[in-house]
Amino acid sequence: MEQEKKSQTTAEQMTDRDLSEQIKKVTMEIHTRAEKTELMMSFMRGQVTLAQYKLLLCSLYEVYQTLEEEMDRNSNHPGVAPIYFPTELARLDAIAKDLEYFYGRDWREKIVVPAATKRYCHRLRQIGKENPVFLVAHAYTRYLEVHGLKSSEGLSFFAFPGVSNPTLFKQLYRSRMNSVELTEEERNGMLEEAVRTFELNIQVFDDLQKMLLTVPEQKLQTCSTQSVNTLQIPIGKIAPLFRMVMGLFVALATVSIGLYAF
């Protein structure tokens, strides 16, 4: 009996030292704040307007472009290499495909992003240059896995053809993430960066909501191949991390690969 209690205590101590668990713990409060932003509340109610979805895709493209460039550039860094899965997780081409569907071939000339998205990208470039290991905190909240959605036009962002078994992949990702060797100073910095990630997301949520109110309706609604103005979301299939961050925002029947809810 005493041996069992000792083993349980040891296991709990090991879990408490897991980076993924520590990030989950320190971001719990700000996670709740993120869910209460006006834009996030509209997603969680289960309806996303076409204007919202398209505008969010624009920011998704900018953020993932920056993140994946920095991940590629630092792929051999000992803190980044363990969670570097470009074949399985890269989102940029998929988002570009979605943007072309909604905006047409000249989508690059039409996309608009708020100042908060640019600040987020600046932060990613900064840590990519100065503290590459902190990219782990951002990757943790960015990569999501679609569950139950078939391939569909305008929804390429949610398809991960390189991940055949999401459950096993999440286990692998979490294991790799927790294997990163960090000094105490780096670990504390990582946890602070995880909180900063959510703060940056909240700023983007707020800026996007303001844009939805100020950008001309016609510009937001322009769509080359689709006329519907509302996207219906099956709420029961949206996992907690997705509602919290949506990889930077969009929700459609997903489960997290970022491991927050795992």
Test Tyr84 against Asp72 for side-chain hydrogen bond (donor to acceptor under 3.5 Å, both in side chains), laying out the working first.
CA-CA 8 Å; Tyr84 182 64; Asp72 290 344; 2.7 Å; yes
Using salt bridge (charged side-chain N to carboxylate O under 4.0 Å, His left out) as the criterion, list what pairs up with Arg33, not counting sequence neighbours.
none
Does Val133 offer a backbone N or O that forms a donor-acceptor pair with the side chain of Asn131 under 3.5 Å?
no
Tell me every residue that passes salt bridge (charged side-chain N to carboxylate O under 4.0 Å, His left out) with Glu70, counting only those two or more places apart in sequence or in another chain.
Arg73
Please walk me through it: do Tyr140 and Arg174 pass side-chain hydrogen bond (donor to acceptor under 3.5 Å, both in side chains)?
CA-CA 9 Å; Tyr140 175 87; Arg174 178 173 183 166; over 6 Å; no
Residues in salt bridge (charged side-chain N to carboxylate O under 4.0 Å, His left out) with Asp106, at least two apart?
Lys110
Heavy-atom side-chain proximity of Ile95 to Asp93 below 4.5 angstrom:
no
Mind checking whether Phe85 and Phe169 have ring centres under 6.0 Å apart?
yes
Please name all residues satisfying side-chain hydrogen bond (donor to acceptor under 3.5 Å, both in side chains) with Asp206, sequence neighbours left out, ordered by chain then number.
none
Who pairs with Glu62 by side chain to side chain contact (heavy atoms under 4.5 Å, CB included), at least two apart in sequence or on another chain?
Gln65, Ile111, Val113, Thr117, Cys121
Salt bridge (charged side-chain N to carboxylate O under 4.0 Å, His left out) partners for Glu181, two or more places apart:
none
Quick one: does any side-chain atom of Asp98 pair with a main-chain N or O of Ser156 as donor and acceptor, under 3.5 Å?
yes
Go through the structure and list residues passing side chain to side chain contact (heavy atoms under 4.5 Å, CB included) with Glu192, not counting sequence neighbours.
none
With sequence neighbours excluded, what pairs up with Asn178 under the side-chain hydrogen bond (donor to acceptor under 3.5 Å, both in side chains) test?
Ser20
Got a sec, which residues hit ring-ring contact (aromatic ring centres under 6.0 Å, His included) with Phe134, two or more places apart in sequence or on another chain?
none
Listed partners of Val80 passing side chain to side chain contact (heavy atoms under 4.5 Å, CB included), at least two apart
Met71, Asn74, His77, Pro132, Leu135
Mind jotting down which residue pairs meet the salt bridge (charged side-chain N to carboxylate O under 4.0 Å, His left out) criterion with at least one end in residues 113-127? Sequence neighbours excluded, please.
Arg123-Glu193
Has the side chain of Thr27 got a donor or acceptor atom that lies under 3.5 Å from a matching backbone atom of Ile23?
yes
Donor-acceptor contact present, side-chain Arg176 to main-chain Ile83, <3.5 Å
no
Residues two or more places apart in sequence or in another chain: which of them pass side-chain hydrogen bond (donor to acceptor under 3.5 Å, both in side chains) with Glu69?
none
